[in-house]
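Structure first, then comments.
No experiment lies behind these values; they were computed from the predicted model shown.
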Amino acid sequence: MKTETLIISIAIVILIMLLGVVRIYNRLVKFEEDVKTSWSQVETQYQRRADLIPNLVNTVKGYAQHERETLEEVINARASATNTQVNIDNIDENILAQYQNMQDQLSKALSRLLLVIERYPDLKANENFISLQSQLESTENRIAYERRRFNEAAKEYNTYVRRFPTNLFARLFNFTEKPYFKSVEGAKDAVEVNF
């Protein structure tokens with residue numbers, strides 16, 4: 001009788017431990033899926049921006065023929081940014097930094113293009129251009145929002161992966177920390193305005 005009670009007790013303890021491991025694993029999967037979903041939204045917004053650029057360039061091209069160098073810079077930066085692919089399952093800080101660098105180069109090229117446009121009042125009054133500029137501004141805001149959401153999901157995931165005893169099972173099941181988007185170099189510097 002005592003042997004049966006001991007076996008039942010051991011079986012219950014093993015079952016409770018197994019259920020605990022299953023719970024930890026399922027939470028790891030949930031948090032990792034949240035990171036993947038957030039990453040997907042970041043890519044969607046970057047793709048939306050990339051899709052707007054050819055229309056913007058074509059609209060500007062009609063007004064600013066001699067701004068060819070700036071237009072080519074935007075086109076080349078777009079090509080580089082859209083050719084940089086990231087597999088979220090194998091992402092690390094270097095891969096994310098390279099991806100972010102390509103997107104930042106595109107942002108800088110677009111900023112230079114919008115500065116050039118200031119010289120063309122007829123273009124600035126063009127309804128198509130105004131609509132594209134508005135959509136681009138909206139998309140930039142969405143990109144910032146989705147990057148922030150990605151960082152929040154990565155933080156929640158990374159915190160869970162690093163906590164004890166989850167960290168033991170995370171290593172066992174190959175769940176690794178995810179990198180964060182970092183602010184653009186010089187973003188903390190004050191912008192100088194001259195009138």
Nearest-0.5 Å distance that lies between atom CD1 in Ile130 and atom CD in Gln135: 12.5 Å
Nearest non-hydrogen partners of Ala153 and Asp34, listed with the distance: CB-O, 3.9 Å
Matching residue for Phe31 among Tyr157, Phe175, Tyr160 - test: ring pair (Phe, Tyr, Trp, His ring centres under 6.0 Å): Tyr160
Polar side-chain atom of Ser80 near backbone of Asn76 as donor-acceptor pair, under 3.5 Å: yes
Enclosure of Glu93 CD (heavy-atom neighbours >12, cutoff 6.0 Å): no
Side chain proximity check, Arg48 to Gln45, heavy atoms < 4.5 angstrom: yes
Ile143-Leu106 co-clustered via ILVMFWY side chain contacts under 4.5 Å: no
Pair Lys178 + Asp92, salt bridge at N-O below 4.0 Å: no
Any donor-acceptor pair under 3.5 Å from Ser138 side chain to Ser134 backbone: no
Same apolar cluster: Ile88 and Phe173, side chain cutoff 4.5 Å: yes
Separation of Ile12 CD1 from Met17 CE (nearest 0.5 Å): 14.0 Å
Qualifying residue, where the test is side-chain hydrogen bond (donor to acceptor under 3.5 Å, both in side chains) with Tyr46 and the options are Gln103, Gln41, Arg147: Arg147
N/O donor-acceptor pair under 3.5 Å between Ser131 side chain and Glu127 backbone: no
Any donor-acceptor N/O pair, Asn101 side chain to Ala97 backbone, under 3.5 Å: no
Note, Lys36 side chain near Asp89 side chain (heavy atom, < 4.5 Å): yes
Carboxylate-amine/guanidinium contact Lys108 Glu73, below 4.0 Å: no
Within one Ile-Leu-Val-Met-Phe-Trp-Tyr cluster: Val161 and Leu96, side-chain cutoff 4.5 Å: yes
From Asn55, Val57, Val60, Ile53, residue fulfilling side-chain contact (heavy atoms from CB on, under 4.5 Å) relative to Leu132: Asn55
Ring pair (Phe, Tyr, Trp, His ring centres under 6.0 Å) partners of residues 136-156, not counting sequence neighbours, each pair once: Trp39-Phe150, Phe150-Phe181
Lys/Arg N to Asp/Glu carboxylate O, Glu33 vs Lys30, below 4.0 Å: no
Hphob cluster co-occupancy, Ile75 + Phe129, side-chain heavy atoms under 4.5 angstrom: yes
Residue pair Tyr25 / Phe169, side-chain heavy-atom distance below 4.5 Å: no
OG1 on Thr3 to CD1 on Ile8, rounded to 0.5 Å: 11.0 Å
Flag if over 12 foreign heavy atoms under 6.0 Å of CD, Glu72: yes
Heavy-atom closest contact (Ala50 atom, Arg78 atom, distance): O-NE, 2.6 Å
Heavy-atom check, side chain of Arg49 versus side chain of Arg142, under 4.5 Å: no
Smallest separation among heavy atoms of Asp51 and Pro54, with atom names: O-CD, 3.4 Å
Side-chain heavy-atom pair Leu110, Glu140 within 4.5 angstrom cut-off: yes
ILVMFWY network linking Ile95 to Val42, side-chain heavy atoms under 4.5 angstrom: yes
Interatomic distance, Leu19 atom CG to Ile14 atom CD1 [nearest 0.5 angstrom]: 12.0 Å
Pairs where residues 14-25 contributes a residue and the test salt bridge (Lys or Arg N to Asp or Glu O under 4.0 Å) is met, not counting sequence neighbours: none
Tyr180 to Lys155 - nearest heavy-atom pair and separation: OH-CA, 3.2 Å
Between CD1 on residue Ile10 and CG on residue Leu15, distance to nearest 0.5 Å: 13.5 Å
Pairwise side-chain contact, Asn94 with Gln98, heavy-atom cut-off 4.5 Å (strictly under): no
Salt bridge present between Glu146 and Arg149 (N-O < 4.0 angstrom): yes
Salt bridge (Lys or Arg N to Asp or Glu O under 4.0 Å) pairs, two or more places apart, involving residues 159-177: Arg162-Glu177
Point-to-point distance, once rounded to the nearest 0.5 Å, from CD of Glu137 to CD of Gln133: 7.0 Å
